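Please read the structure below before turning to the comments.
We're numbering straight along the sequence, starting at 1. Here the structure is a predicted model, which is why all the values come from computation and not from measurement.
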Amino acid sequence: MSQLVYEFSANKIQQMKEYYTSLSLTPPPGAIFRAKTKDAVITAYKSGKVLFQGSSPEKEAANWLDEALAVESKAKTIKQKPNHSYVPSPDLFNKNHIGTDEAGTGDYFGPITVAGVYITETNIVQLKSEGVTDSKALTDKKIRELANTIITRKIPYASAILHNEKYNVLQKQGWSQGKMKAMLHHHVIHQLLNKIGDAPNQGIIIDQFCEPAVYQKYLMSEKQTLAPSTFFLTKAESYSTAVAAASILARASFLNQMDKLSKQLGLELPKGAAPKVDRIIAKIIKAHGADILDSYAKVHFNNTKKAYAYL
């Protein structure tokens, strides 16, 4: 099945919607309309993008190209110069694949969350048209909205949460944060592979947080091995829509956990590890004692020591 994507004005999309009224189908979330002809299925999105997919999408698209702006559909060129052989081919970004990413690693309060998403060629176009991109470029509100879109669309995903109590136990046992992340990614990947079963999958892209050799060393220490066709890429969310979607789900999970922890303590826990965090730590210690931090924070961060200056 082939597919093409073009951008149209709002007026042109309205004309198209009226033209295809008798051939309309139920549109997916974020779409204005969907219709089916003998040559293609046409889906118009609120972003102005229109997806033509089917046996001959070019025939259907040709009826409207007088006012269309073609959307760049070629695979992005990887601009970085990796020092390992686990770099994905740019072609993979437009094929069925899995992407994983994490959130909460640099935050004093809250857990580490990891998510993985499996997307197909069709999902890639749809998610891009709805604004799925690197979560760091999105507001918390938009992250929650897009996470809901991904979930309600029933796009296969898996997630894991390393709560603070367990994090602190592992850290005291000598686990680095890198090893924790590696095992979380590994767990999520295998959850997702089991979920999708025999669905076609051309590869797995991990948003790189350590060298592949180090990642594999972490796995070996727990008697685990790297899944076949696994690739590593820094800033992978800028290239892979699957990784971008995973970054959104991981961040949304982290935000939900922060809301839960804040409600339990009766005060809003700040994100990050800036000086304002130190003052909140001091406030918590005064009210509840230092031991309670094990349930809410990554206590080995320097913020714990700095907080005592405010007591």
Side-chain angles (χ1 to χ4, degrees), residues 82-84 86 99-116 134-136 143 158-192 204-227 230-237 243 246-258 260-261 269-278 280-281 284 290-307:
N83 57 359
H84 58 76
Y86 289 89
T100 64
D101 202 356
E102 77 281 335
T105 59
D107 298 88
Y108 177 80
F109 289 112
I112 292 178
T113 56
V114 174
D134 177 11
S135 63
K136 291 187 284 295
I143 286 170
S159 60
I161 301 171
L162 181 58
H163 293 285
N164 294 104
E165 296 94 336
K166 182 66 174 179
Y167 177 99
N168 291 317
V169 168
L170 291 174
Q171 195 275 328
K172 290 173 183 175
Q173 290 176 351
W175 282 46
S176 66
Q177 194 180 87
K179 181 175 179 177
M180 295 181 206
K181 290 191 287 184
M183 299 313 301
L184 287 167
H185 278 262
H186 184 70
H187 175 69
V188 163
I189 287 168
H190 280 272
Q191 269 192 314
L192 194 46
I204 300 163
I205 302 176
I206 296 174
D207 187 41
Q208 184 176 325
F209 54 86
C210 67
E211 290 298 312
V214 175
Y215 183 96
Q216 292 185 78
K217 182 179 178 181
Y218 290 143
L219 297 189
M220 289 170 60
S221 70
E222 298 301 314
K223 297 180 172 58
Q224 299 295 316
T225 57
L226 193 67
T230 296
F231 303 97
F232 297 82
L233 187 65
T234 57
K235 298 182 179 179
E237 65 280 358
V243 177
S247 76
I248 288 169
L249 290 183
R251 188 64 180 175
S253 176
F254 174 76
L255 293 173
N256 291 339
Q257 290 298 313
M258 287 290 281
K260 180 179 178 180
L261 294 175
L269 297 175
K271 304 178 191 69
K276 66 178 180 180
V277 171
D278 306 341
I280 294 297
I281 298 170
I284 293 171
D291 289 345
I292 198 173
L293 293 174
D294 273 327
S295 299
Y296 294 89
K298 303 174 185 73
V299 295
H300 68 103
F301 278 29
N302 286 334
N303 300 83
T304 304
K305 293 179 181 178
K306 293 177 181 178

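One finds the CE atom of Met180 at 6.0 Å from the CD atom of Gln171 (value rounded to the nearest 0.5 Å). Of the inter-residue distances, the one linking Ile161 atom CD1 with Tyr167 atom OH reads 16.0 Å to the nearest 0.5 angstrom. From Met258, atom CE reaches atom OG of Ser253 across 12.0 Å, with rounding to the nearest 0.5 Å. For the atom pair NZ (Lys217) and CD (Glu211), the distance works out to 13.0 Å, reported to the nearest 0.5 Å. Between Lys166 atom NZ and Trp175 atom CH2 the span is 7.5 Å, to the nearest 0.5 Å. A distance of 4.5 Å separates CG in Leu293 from OH in Tyr108, rounded to the nearest 0.5 Å.
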_Derivation of the side-chain contact (heavy atoms from CB on, under 4.5 Å) call for Ser295 and Asn164_ = CA-CA 5 Å; Ser295 299; Asn164 294 104; 5.8 Å; no
*Where do Phe109 and Gln257 land on the side-chain contact (heavy atoms from CB on, under 4.5 Å) test, with the steps shown first?*
CA-CA 10 Å; Phe109 289 112; Gln257 290 298 313; over 6 Å; no
*Begin from the C-alpha positions of Leu269 and Tyr296 and carry the test side-chain contact (heavy atoms from CB on, under 4.5 Å) through to its verdict.*
CA-CA 9 Å; Leu269 297 175; Tyr296 294 89; 4.3 Å; yes
_Test side-chain contact (heavy atoms from CB on, under 4.5 Å) on Thr225 and Gln216; report intermediate values, then the result._
CA-CA 7 Å; Thr225 57; Gln216 292 185 78; over 6 Å; no
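Judged by distance alone, with hydrogens and angles left aside, the side-chain atoms of Lys298 form a donor-acceptor pair with the main-chain N or O of Gly110 at under 3.5 Å. Counting only distance, with no hydrogens or angles, the side chain of Asn168 and the backbone of Val299 share a donor-acceptor pair below 3.5 Å. Side chain of Asp278 to main chain of Ala307: no donor-acceptor pair is present (N/O by atom type, distance under 3.5 Å, no hydrogens or angles). Panel note: side chain Ser247, backbone Asp101; no donor-acceptor pair is recorded below 3.5 Å.
For the pair Leu219 and Met183, the minimum side-chain heavy-atom distance is below 4.5 Å. Two residues are said to be in side-chain contact when any heavy atoms from C-beta on lie closer than 4.5 Å; His186 and Tyr215 meet this criterion. Contact of the Leu170 side chain with the Leu162 side chain is registered, since non-hydrogen atoms from C-beta on lie closer than 4.5 Å.
Aromatic pair Phe209/His185: ring centres closer than 6.0 Å.
Neither side chain, Thr105 nor Lys181, offers a donor N or O lying under 3.5 Å from an acceptor on the other. Side-chain contact of Gln224 with Tyr218: a donor-acceptor pair under 3.5 Å is absent, judged by distance alone.
Exactly one residue among Leu233, Asp207, Thr100, Ile206 makes a side chain to side chain contact (heavy atoms under 4.5 Å, CB included) with Val243. That residue is Asp207.
Here the closest heavy-atom approach between residue Ala115 and residue Leu249 is recorded as CB-CB, 3.7 Å. Nearest heavy-atom pair, Ala227 versus Ile189, reported as atom, atom and distance to 0.1 Å: CB-CG2, 4.3 Å. Of all non-hydrogen atoms in Pro270 and Lys276, the two that sit nearest each other are CB-CE, 4.0 Å. Considering all non-hydrogen atoms of both residues, Gly272 and Asp107 come closest at N-OD2, 2.6 Å. Nearest heavy atom pair, residue Leu184 against residue Ala160, reads CD2-CB, 4.0 Å. Taking all atoms of both residues into account, the shortest heavy-atom contact from Gln208 to Pro212 is NE2-CD, 4.3 Å.
The aromatic rings of Tyr86 and Phe232 stand perpendicular to each other, their planes meeting at an angle above 60°, with 30° marking the opposite boundary.
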